[in-house]
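What follows is a set of notes on a single structure, which appears directly below.
Only this structure's heavy atoms are used, side chains among them; waters, hydrogens and symmetry mates stay out. So that the names make sense, note that chain A is the first sequence line, chain B the second, and so on, each numbered from 1. Source: prediction; values computed, not measured.
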There are 2 protein chains.
Amino acid sequence: MVVLKYNANFDLKGSFMSDKTTRANIVEAADQLFYRQGFEHTSFSNIANVVKISRGNFYHHFKSKDEILAAVIDFRLEKTRKMLDQWEMDGESPEDRIRSFIHILIVNRDPIMKHGCPVGTLCSELAKLNHASQAEASKLFTLFREWLSRQFVQLGLEEEADLLAMHILARSQGVATLANAFGDEAFVEAEVKQMCDWLQTQITRTVK
Amino acid sequence: MVVLKYNANFDLKGSFMSDKTTRANIVEAADQLFYRQGFEHTSFSNIANVVKISRGNFYHHFKSKDEILAAVIDFRLEKTRKMLDQWEMDGESPEDRIRSFIHILIVNRDPIMKHGCPVGTLCSELAKLNHASQAEASKLFTLFREWLSRQFVQLGLEEEADLLAMHILARSQGVATLANAFGDEAFVEAEVKQMCDWLQTQITRTVK
DNA sequence: ATCGGATTAGGATGGTTGTCCTAAAATATA
DNA sequence: TATATTTTAGGACAACCATCCTAATCCGAT
């Protein structure tokens, strides 16, 4: 494992490895700022202030702002994949794993109330900007969609799996949007409970 | 009715009535552009090009861009109130009226797939910008929330009315967000059907 | 110790933004 | 018709933006 990691870095040596820390800092700072302020409303100065590097120096790491966005989306995709893999390992049953998904709304309740869902708000913004990375951002949704779909398949709901996946994906999105608009914690909790109940209904429906 | 309308305009005479057309043009153009491109991404030039007036002239009608936003929100609030009133008159039963709400997703399916929900995306954007009009924009949600709540009360679901209202509001939002991200018409239709079924469930639950 | 590429800082550039100013045109009032 | 007010156009403005350039500095390999 350690060797693998070392090799992986070694392969990227030269143009990459030495500035990896700075590059990573930029991506992580941009990730947070894009989430909290939106992509368009975040300037190079904003990111530079956080990372504490000069504006001009930026273009040694990224050719353009769009390239930073692409890197941020990749970063989020990777983070999400890891999280889903983790859930796959931790969750004892498919319903457990789906419950993990539903409970993001609780775990991330505070940031969601302040800034909405990082996936949904990014996709919405890029749609308005008609941005080239729009499709790439939607892959974040696809990641969840396919993962959820797989869980439903494992529950023996092959035929409806994708629709069921889209269903809770949509409900999570809706809850995030309203939580952001109203700042109502109780509503979030109530909806999470309902979604878990709904999940139970789907499962018992299988048994029949 | 005609007299009322006339008087209403007459009261605003002088600084208002004569430029009402231009002002209204600005607001309506801004309304559309804010929806399609987002508030921040829409410039004065953009609006001016649509309305065909010069940039500089703008400040005779509005003191600032924020003031245009405020006017757009007011405009949308008024439009929404009228629509809800209309539904109140047209819908033969509370369930009919709630179905009218659910069916916005069908009626406005194409713009929603392109640009998302006008209410949800505006609220999200203003939240990211930390904009002063954030609260005012949320009133658009409140309008729907209270209207829906009233319908559920009329269905004899006093106690849960507000939660039920928030529930379909959230689901509509989620459907809009995913429809925008995926551009999937079939999904919209399937979810609308499910929401109508859910509504039926709530009603039969009352009878018991 | 020297050299060369990687990395940095900081300023220059051109374009766009929201805002403001002024003078002309249009319109209303008398 | 003469005067006052509203409405307009178009340019000036400072601020900000993404981007680019150049010269200094760092650091690893020789």
Side-chain angles (χ1 to χ4, degrees), chain A residues 6 9-30 33-34 36-72 125-126 128-133, chain B residues 6 9-30 33-34 36-72 125-126 128-133:
Chain A
Y6 178 79
N9 282 346
F10 199 75
D11 284 345
L12 300 168
K13 219 197 76 168
S15 69
F16 230 162
M17 191 182 164
S18 45
D19 65 338
K20 224 208 148 186
T21 308
T22 304
R23 203 193 134 95
N25 283 341
I26 293 174
V27 171
E28 278 165 45
L33 287 169
F34 289 175
R36 295 206 258 254
Q37 312 185 341
F39 167 68
E40 196 176 27
H41 193 243
T42 299
S43 70
F44 275 78
S45 306
N46 294 151
I47 306 172
N49 285 340
V50 172
V51 186
K52 289 191 199 328
I53 59 168
S54 74
R55 257 160 307 122
N57 178 22
F58 247 108
Y59 285 74
H60 185 257
H61 301 277
F62 298 95
K63 278 205 268 288
S64 68
K65 196 185 174 186
D66 290 347
E67 214 172 79
I68 297 185
L69 175 62
V72 166
E125 183 178 4
L126 297 186
K128 302 246 178 211
L129 302 185
N130 226 333
H131 196 284
S133 291
Chain B
Y6 179 79
N9 283 345
F10 200 74
D11 284 345
L12 300 167
K13 221 198 72 167
S15 69
F16 232 162
M17 191 182 165
S18 44
D19 64 339
K20 222 209 151 188
T21 308
T22 304
R23 201 193 134 95
N25 284 341
I26 293 174
V27 171
E28 277 165 44
L33 288 169
F34 289 175
R36 295 207 259 253
Q37 313 185 341
F39 167 68
E40 195 176 29
H41 193 242
T42 300
S43 70
F44 275 79
S45 306
N46 293 151
I47 305 172
N49 285 340
V50 173
V51 185
K52 290 190 199 330
I53 61 168
S54 73
R55 257 161 304 122
N57 178 21
F58 246 110
Y59 285 73
H60 185 257
H61 301 277
F62 298 95
K63 279 203 269 288
S64 69
K65 198 185 176 188
D66 289 347
E67 213 171 77
I68 297 185
L69 174 62
V72 167
E125 183 178 3
L126 297 186
K128 301 245 179 213
L129 303 185
N130 226 330
H131 196 284
S133 291

Sorted by chain and number, sequence neighbours left out, ring pair (Phe, Tyr, Trp, His ring centres under 6.0 Å) with F39(A) holds for F34(A), H131(A)
Output the rounded distance in Å from CD (E67(B)) to P (dC20(C)). 11 Å
Return the 5'-most residue of the pair K63(A), N46(A) with respect to DNA chain D, ranking by each residue's nearest nucleotide. N46(A)
Can you tell me the distance, in whole Å, between the CZ atom of F44(B) and the P atom of dC13(D)? 20 Å
For H41(B), which residues count as a ring pair (Phe, Tyr, Trp, His ring centres under 6.0 Å) partner, sequence neighbours excluded? none
Taken to the nearest whole Å, CD/E40(A) to P/dT16(C) is 14 Å
I'd like to check the side chain to side chain donor-acceptor pair (under 3.5 Å) partners of S133(A); sequence neighbours left out, ordered by chain and number. none
Using a cut-off of less than 4.0 Å, is there contact between a side-chain N or O of H61(A) and OP1 or OP2 of dA6(C)? no
For N57(A) and S54(A), does a side-chain donor sit closer than 3.5 Å to a side-chain acceptor? no
Choosing from dG11(C), dA12(D), dC17(D), which nucleotide comes nearest the side chain of R55(A)? dG11(C)
Just the atom pairs and distances: protein N or O near nucleotides 21-23 of chain C's N or O, under 3.5 Å.
none

Does a side-chain N or O of S43(A) approach OP1 or OP2 of dC17(D) to a distance below 4.0 Å, or not? yes
F62(A) CZ - dC20(D) C1' separation (whole Å): 18 Å
Find the distance H41(A):NE2 to dT17(C):P and express it as a whole number of Å. 15 Å
In whole Å, I'd like the distance from the CZ atom of F58(A) to the C1' atom of dT8(C). 13 Å
Say whether N25(A) and T22(A), considering side chains only, have a donor N or O and an acceptor N or O under 3.5 Å apart. no
Establish, with yes or no, whether the OP1 or OP2 oxygen of dG11(D) is under 4.0 angstrom from a side-chain nitrogen or oxygen of S54(B). no
Hey, is the side chain of H60(A) poking within less than 4.0 Å of OP1 or OP2 on dC20(D), counting only N and O atoms? no
dC17(D) C1' sits how many Å from I68(A) CD1, rounded? 13 Å
List for me each residue that meets side chain to side chain donor-acceptor pair (under 3.5 Å) alongside E28(B), sequence neighbours excluded, and say none if there are none. none
Does T22(A) place a side-chain N or O at less than 4.0 Å from the phosphate oxygens OP1/OP2 of dT8(C)? yes
Roughly, in whole Å, what's the span from CD1 in I53(A) to P in dC26(D)? 17 Å
Once ring pair (Phe, Tyr, Trp, His ring centres under 6.0 Å) is applied, do any residues pair with F58(B), and if so which ones, sequence neighbours excluded? F44(B)
